[in-house]
*Asks:* 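Handing you this structure, nothing more for now.
In listed order, ligands and their atoms are each counted from 1.
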Amino acid sequence: MDKILVHGGGKLSGTVRISGSKNSALPILAAALLTKERCVIRGVPDLSDIHYMLTILSSLGCEVERASGTVSIKAEKIRTEAPYELVRKMRASVCVLGPLLGREHEACVSLPGGCVIGDRPIDLHLRGFAALGAAVRVQGGNVKLFASALRGNTVNMRGTHGTTVLGTDNVIMAAVLADGITEIRDAAEEPEVVDLANFLNSMGAKITGAGTSHLTIEGVKELHGTDYTVIPDRIEAGTMLVAGAIAGGKLTVDHVRPDHLAAIIGPLRDSGFHLETSARSVTISPNGATKPLHLETSPYPGFPTDMQAQMCALLVRAPGVSVVTDRVFPQRFMHVAELTRMGAQIKLSQPTAVITGNGHLSGAPVMASDLRASAALLLAGLQAEGVTEINRVYHIDRGYEHIDEKLNDLGAHIERVQA
Ligand code: EPU
């Protein structure tokens, strides 16, 4: 298994180009199941999660071609069963349920298993499918959906932890070909949901209100092929900005949507950094000492849970006390024990981490537990004295395209060692 060695102390500066969004690309690729015609999807990052999704689509009968960041999918004849061996590798594989139900009125997809960042149920997805008229059964570890017809309805996406991103995506994908009008209330407002809606509208769907909590979908008879480019990855951009905060220098993230980054730029400014935006880029530079923060994650446009671990890696160096709360995924603190092994002072009482910044970390062997926790360890390694050895780096390859190479181009000293 590959390891990453981060030699701490390198100063980062320069410009990094941000890749296409993983969390946009995954449901958009699945949405290509909704038409028999060819869909060309551009800006698809080279990540293992994307590879899993393309493998699932091939197993469902799609013709899939890929050349660098462009994926072409033709779903002329499809099957409706996705087996456990493929699905278990990635939770986002649940987003084939919506399009299979929408197009074929049936689906049998294995339920993804446990997840290190929390329970991650799909009850809200299933409630939405049922509201559209599907019979829903969970049997033998599979979700089975069947409908003689799908009819538009009012669907509420709110659960005990707030709304759901992939649940909103799934209901949209099931509703675009349904009879009549579907109203989604308490919909997720994430830019990735807007991107999916834009993709589907480019195929002939009639979706309005994406980006607000109230979506309307007027069902159409069929969808056609399209050529579409996914939005830049706001979490990769945010992670790179935190790298700049930790080890910059003046660092620019390019090919981004600054409006999608407001909830990350705000806390970085509050923490004492200077941030400048232009139409397509954001630049961070130092502006005195790092200040502690009180941060709480919430759905978009709030501070994203997908940036929580990376901000913890920054705040361990901010003199004073920072308080970081994650109610979206209250158990998403696997990075805390590893950061503590590097010398951070963090008291955890889920869903809150209280960080006493001491400004000093030392390199240590650490274990990546999930995607964003791995990014936090990489960021911690940049500021640590000595070498940080990150094991189980396959987690980082699920969601960051060539992150070690990109950081090295900015001045970091990171080695990937094949074991
Ligand atoms: N939830 C329910 N029932 C459901 C669905 C969700 O209770 O049916 C709860 C979850 O347990 C959680 C909250 O609702 O407490 C929000 O979860 P959500 O459904 O929004 O998460 P998701 O759609 O499964 C996507 C991203 C995650 C990101 C979350 C939150 C993709 C592929 N994944 O997951 O990204 O953390 O939204 O923004 O888009 C990552 O990229 O590292 C990642 C985990």
*Asks:* Compute the minimum heavy-atom distance from G159 to ligand 1 and say whether it is under 4.0 Å.
*Replies:*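 In this structure, G159 fails to qualify as a contact of ligand 1 - no heavy atom is under 4.0 Å.
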*Asks:* Which pairs would a plain distance check flag for residues 151-162, meaning a side-chain donor or acceptor within less than 3.5 Å of a matching protein atom at least two apart in sequence or in another chain?
*Replies:*
{"from": "N153", "atom 1": "ND2", "to": "A131", "atom 2": "O", "distance (Å)": "2.8"}
{"from": "N156", "atom 1": "OD1", "to": "R158", "atom 2": "N", "distance (Å)": "2.8"}
{"from": "N156", "atom 1": "ND2", "to": "D186", "atom 2": "OD2", "distance (Å)": "3.3"}
{"from": "H161", "atom 1": "ND1", "to": "R327", "atom 2": "O", "distance (Å)": "3.3"}

*Asks:* Which residue and non-hydrogen atom of the protein lie closest to atom 3 (N) of ligand 1, and at what distance in Å?
*Replies:*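 For this ligand atom, the closest protein heavy atom is D123 OD1, 2.7 Å.
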*Asks:* Hey, does P267 have a side-chain heavy atom less than 4.5 Å from the side chain of M307?
*Replies:*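 Heavy-atom side-chain distance check fails, nothing below 4.5 Å.
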*Asks:* In the protein, which heavy atom is nearest to atom 42 (O) of ligand 1, and how far is it?
*Replies:*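 Residue, atom and distance for the closest contact: R372 NE, 2.9 Å.
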*Asks:* Nearest non-hydrogen contact with atom 5 (C) of ligand 1 belongs to which option: S21, P121, P27?
*Replies:*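 It is P121 whose heavy atom sits nearest to atom 5 (C) of ligand 1.
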*Asks:* Taking R42 for the side chain and D227 for the main chain, is one N or O donor matched with an acceptor at less than 3.5 Å?
*Replies:*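 Checking the backbone N and O of D227 against the side chain of R42, no donor-acceptor pair under 3.5 Å is found.
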*Asks:* For atom 9 (C) of ligand 1, which protein heavy atom lies nearest, and how many Å away is it?
*Replies:*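 The closest one turns out to be H161 CB, 4.1 Å.
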*Asks:* Distance from R317 atom CZ to S322 atom OG, nearest 0.5 Å?
*Replies:*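 Separation between the atoms: 12.0 Å.
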*Asks:* Just jot down the ligand 1 atoms closer than 4.0 angstrom to any heavy atom of R332, in number order.
*Replies:*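 Counting from 1, the qualifying ligand atoms are 36 (O), 40 (C), 42 (O), 43 (C), 44 (C).
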*Asks:* In this structure, does ligand 1 have an atom that sits under 4.0 Å from one of the heavy atoms of K22?
*Replies:*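 Yes, K22 has heavy atoms under 4.0 Å from ligand 1.
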*Asks:* Using a strict 4.0 Å cut-off to heavy atoms of I122, name the atoms of ligand 1 that fall inside it.
*Replies:*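 Here the atoms of ligand 1 in question are 4 (C), 8 (O).
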*Asks:* Using a 4.0 Å heavy-atom cut-off, say whether R327 meets ligand 1 through its side chain, its backbone, both or neither.
*Replies:*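 It is neither part, as no heavy atom is under 4.0 Å.
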*Asks:* Give a yes-or-no answer on whether the side chains of N23 and E192 include a donor-acceptor pair shorter than 3.5 Å.
*Replies:*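 Not at all, the side chains of N23 and E192 share no donor-acceptor pair under 3.5 Å.
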*Asks:* Considering only non-hydrogen protein atoms, determine which one is nearest to atom 23 (O) of ligand 1 and report residue, atom name and distance to 0.1 Å.
*Replies:*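 The closest one turns out to be L166 N, 2.7 Å.
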*Asks:* Do any N/O atoms on L371 end up under 3.5 angstrom from N/O atoms on ligand 1?
*Replies:*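 Among all N and O atoms of L371, none is under 3.5 Å from an N or O of ligand 1.
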*Asks:* Name the one of R372, R17, K406 that satisfies salt bridge (Lys or Arg N to Asp or Glu O under 4.0 Å) with E236?
*Replies:*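 Only one of R372, R17, K406 forms a salt bridge (Lys or Arg N to Asp or Glu O under 4.0 Å) with E236, namely K406.
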*Asks:* Could you find the nearest protein heavy atom to atom 38 (O) of ligand 1 and give me its residue, atom name and distance?
*Replies:*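 Looking at atom 38 (O) of ligand 1, the protein heavy atom closest to it is T305 CG2, 3.9 Å.
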*Asks:* Output yes when the distance from some N or O of ligand 1 to some N or O of T164 is under 3.5 Å, and no in every other case.
*Replies:*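 In this structure, T164 places an N or O atom under 3.5 Å from an N or O of ligand 1.
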*Asks:* Is it the case that T239 and Y400 place a side-chain donor and acceptor less than 3.5 Å from each other?
*Replies:*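 Note: T239 and Y400 side chains meet the donor-acceptor criterion.
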*Asks:* Quiz question: by atom type and distance under 3.5 Å, do the side chains of D326 and T297 form a donor-acceptor pair?
*Replies:*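 Yes.
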*Asks:* Would E190 count as being in polar contact with ligand 1, using the rule that some N or O on each side must be under 3.5 angstrom apart?
*Replies:*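 No; the residue has no nitrogen or oxygen that sits under 3.5 Å from a nitrogen or oxygen of the ligand.
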*Asks:* Which ligand 1 atoms are under 4.0 Å away from a heavy-atom of A92?
*Replies:*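 Matching atoms, with element in brackets: 32 (C).
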*Asks:* At what distance is the nearest protein heavy atom to atom 34 (O) of ligand 1, and which residue and atom is it?
*Replies:*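 Looking only at protein heavy atoms, the one closest to atom 34 (O) of ligand 1 is R120 NH2, 3.2 Å.
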*Asks:* List the closest protein heavy-atom neighbour of atom 17 (O) of ligand 1: residue, atom name, distance to the nearest 0.1 Å.
*Replies:*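 Going by distance alone, atom 17 (O) of ligand 1 is nearest to F329 CZ, 3.7 Å.
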*Asks:* Is there a donor-acceptor pair under 3.5 Å between the side chain of Y228 and the backbone N or O of C39?
*Replies:*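 Not confirmed, Y228 side chain does not pair with C39 backbone.
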*Asks:* With no hydrogens and no angle check, just 3.5 Å: does a side-chain donor-acceptor pair link Q310 and H335?
*Replies:*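 Judged by distance alone, the side chains do not pair up.
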*Asks:* Check contact between E192 and ligand 1, using heavy atoms of the residue and a distance below 4.0 angstrom.
*Replies:*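 Distance cut 4.0 Å: E192 fails for ligand 1.
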*Asks:* Decide whether an N or O pair under 3.5 Å exists between G167 and ligand 1.
*Replies:*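 Looking only at distances, the answer is no, because the N/O contact criterion of under 3.5 Å is not met.
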*Asks:* Quick one: does any side-chain atom of T226 pair with a main-chain N or O of M203 as donor and acceptor, under 3.5 Å?
*Replies:*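 Looks like no, no N/O pair under 3.5 Å.
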*Asks:* Are the side chain of E405 and the backbone of E401 linked by a donor-acceptor contact shorter than 3.5 Å?
*Replies:*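 No; judged by distance alone, with no hydrogens or angles, the pair does not exist.
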*Asks:* At under 4.0 Å between heavy atoms, is it the side chain or the backbone of T163 that contacts ligand 1, or both, or neither?
*Replies:*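 The answer is the backbone.
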*Asks:* Of the choices T297, T160, L124, which has the non-hydrogen atom that lies closest to atom 8 (O) of ligand 1?
*Replies:*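 Looking at heavy atoms only, the winner is L124.
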*Asks:* Is Y300 touching ligand 1 with its side chain, its backbone, both, or neither, if touching means heavy atoms under 4.0 Å apart?
*Replies:*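 Within the 4.0 Å criterion, Y300 makes no contact with ligand 1.
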*Asks:* When only distance counts, is V165 in polar contact with ligand 1, meaning an N/O pair under 3.5 Å?
*Replies:*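 In this structure, V165 places an N or O atom under 3.5 Å from an N or O of ligand 1.
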*Asks:* Would you check, one step at a time, whether the test salt bridge (Lys or Arg N to Asp or Glu O under 4.0 Å) holds for E63 with R38?
*Replies:* CA-CA 9 Å; E63 238 177 66; R38 184 171 299 281; 3.0 Å; yes
*Asks:* Without swapping roles, check the side chain of E276 against the backbone of T283 for a donor-acceptor pair under 3.5 Å.
*Replies:*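 Checked: no pair found.
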*Asks:* Quick one: does R91 get within less than 4.0 Å of ligand 1, heavy atoms only?
*Replies:*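 Judged by the 4.0 Å heavy-atom criterion, R91 does not count as contacting ligand 1.
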*Asks:* How far is atom 36 (O) of ligand 1 from its nearest protein heavy atom, and which residue and atom name does that atom have?
*Replies:*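 Going by distance alone, atom 36 (O) of ligand 1 is nearest to D306 OD1, 2.6 Å.
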*Asks:* Starting from the C-alpha separation in whole Å, work towards a yes-or-no answer on salt bridge (Lys or Arg N to Asp or Glu O under 4.0 Å) for D195 and R257.
*Replies:* CA-CA 12 Å; D195 211 23; R257 287 274 307 259; over 6 Å; no
